[in-house]
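First listed ligand is number 1; within each ligand, the first listed atom is number 1. Count residues from 1 along the sequence. Worth saying up front: this structure is predicted, and the values here are computed from it rather than measured.
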Amino acid sequence: MTASGVRVRIAPSPTGEPHVGTAYIALFNSLFAKKNGGEFILRIEDTDATRSTPEYEKKVLDALKWCGLQWSEGPDIGGPYGPYRQSDRKHIYGEYVERIVAAGHGFRCFCTPERLEKMREAQRAANLPPKYDGRCLSLSAEEVTSRMAAGEPTVVRMKIPAEGSCKFTDGVYGDVEIPWDAVDMQVLLKADGMPTYHMANVVDDHLMKITHVARGEEWLASVPKHILIYRYLGLEPPVFMHLSLMRNADKSKLSKRKNPTSISYYTALGYIPEALMNFLGLFFVQIAEGEELMTMDELAGKFDPENLSKAGAIFDIQKLDWLNGRWIRENLSEEDFQHRVLQWAMENDRLKAGLALSQSRISKLGELPDLTGFLFKSDLNLDPSAFVKIKSPPEEILEILNTVQPDLEKILEWNVGSIEAEMRAVADRMGKKLKVVVAPLFVAVSGSSRSLPLFDSMAILGRAVVRQRLKLASQAVASLVGPKN
Ligand code: GLU
């Protein structure tokens, strides 16, 4: 335990590509620990077994390490309060759920998914917020025992006070009051015996001695449930701080449909981690104009959670570009710069794999930049005319690009085999030949119709870059399609 006793954490769920929002919250926690002489730890929250994958867990850890964030306890390095992955802690939670049930604060629920769906439908129809209606609240102990003995699937839900409201003070939002009426009788233990996020999160924050919970504002509405769980277990809740989400320039929530949100996108384009951290860290400090270029230590020195605004941090790519440029030009030695360039080129085996694909296609080495350049470019500067050579009319190209984009999101493991399988499935579904579907993709991904093999190139570029290129291609092609009558 550190002198200050302050312990904070980042608790990512490995269910998708690491998001810049995760880096933003992680940075806040890391700076908070640094400023207070505390510990910053990492816990993997994988209670959602259907969506969590080891591949994503590795990506989250790699991405946060790439950012230069260092935790003192975590699934990769262990620590005194491990294990740090919730699926490895399954055996821990049951006892806490039982304590809540035994004290009369929780109850067994046997409602089937079909019944719950009907209930929600009726609530929607009556314009009521969807919420468990409490049907199983009054089951007798005998009935519960006999239904469980008969093997009926069951979950444990928490009871919610019938009246009044939950009042708490949030480090960012100040005094908050949420009526109990707005809080659902949350499932704590699922039918498969796994805890829900809420249950595991509270138990782990307690056992890992977390003193301050700083996370995204989307969790603010869950605080009443968490406070109740702490209360039901006779435990003291930590201090809560809910950070406003990052937003697009138009104030909408930062989402991959508008802006690339994957850390891997920024890595692939050659942003340097110090600049990304500098950019995100500026939301947590108050500085005068001209002082923007800051290292992580300088950020920690000036860090002040009081500066946080509820308005949200605007993800201004131009500012990030400006900072990145300044970092490259002003803060890297010549040697460091060269080292970073090589590191970046070799990342994800990009250079090696690109060369392997090129060898059979060139007669002089000097042809390499033209052939492989698209694997490294941050922007293809795609001109709509690039699509004119394709046989399909613009309407068909647009339809293909728009169909492929959501399909690529379905791929679980991003590799040549899975990309090819998905593309064949799209072609089948659209009733088109594979070659018709891939022709526009070639141009979208590489900027040219004569290039390296498409599926390999997509695998090398990574999902985040491919997503962005297809989006830009759709926009370019849309400009060729006349307005609908
Ligand atoms: N697993 C949650 C997430 O990924 C963490 C929320 C929290 O920090 O409590 O958003």
*Closest non-hydrogen protein atom to atom 3 (C) of ligand 1, residue and atom name please, with distance?*
A11 O, 3.8 Å

*Has ligand 1 got any nitrogen or oxygen that is less than 3.5 angstrom from a nitrogen or oxygen of R9?*
yes

_Please confirm whether the ring centroid of F284 lies under 6.0 Å from the ring centroid of Y24._
yes

*Looking at atom 10 (O) of ligand 1, what's its closest protein heavy atom, distance included?*
W219 NE1, 3.2 Å

*Answer yes if the ring centres of Y96 and Y230 are under 6.0 angstrom apart, and no otherwise.*
no

*Do me a favour and list the nearest non-hydrogen protein atom to atom 1 (N) of ligand 1 with residue, atom name and distance?*
E45 OE1, 2.6 Å

*For N201, atoms of ligand 1 separated by under 4.0 Å from a heavy atom*: 7 (C), 9 (O)

*Return yes if a side-chain donor-acceptor contact under 3.5 Å exists between T267 and E347, otherwise no.*
no

*Kindly confirm or rule out a cation-pi arrangement of R99 over Y232, judged by NZ or CZ under 6.0 Å from the six-membered ring centre and within 45° of its axis?*
no

*Looking at F40 versus F32, is the centre-to-centre ring distance below 6.0 Å?*
no

_So for ligand 1, is V213 a polar contact partner (N or O within less than 3.5 Å, distance only)?_
no

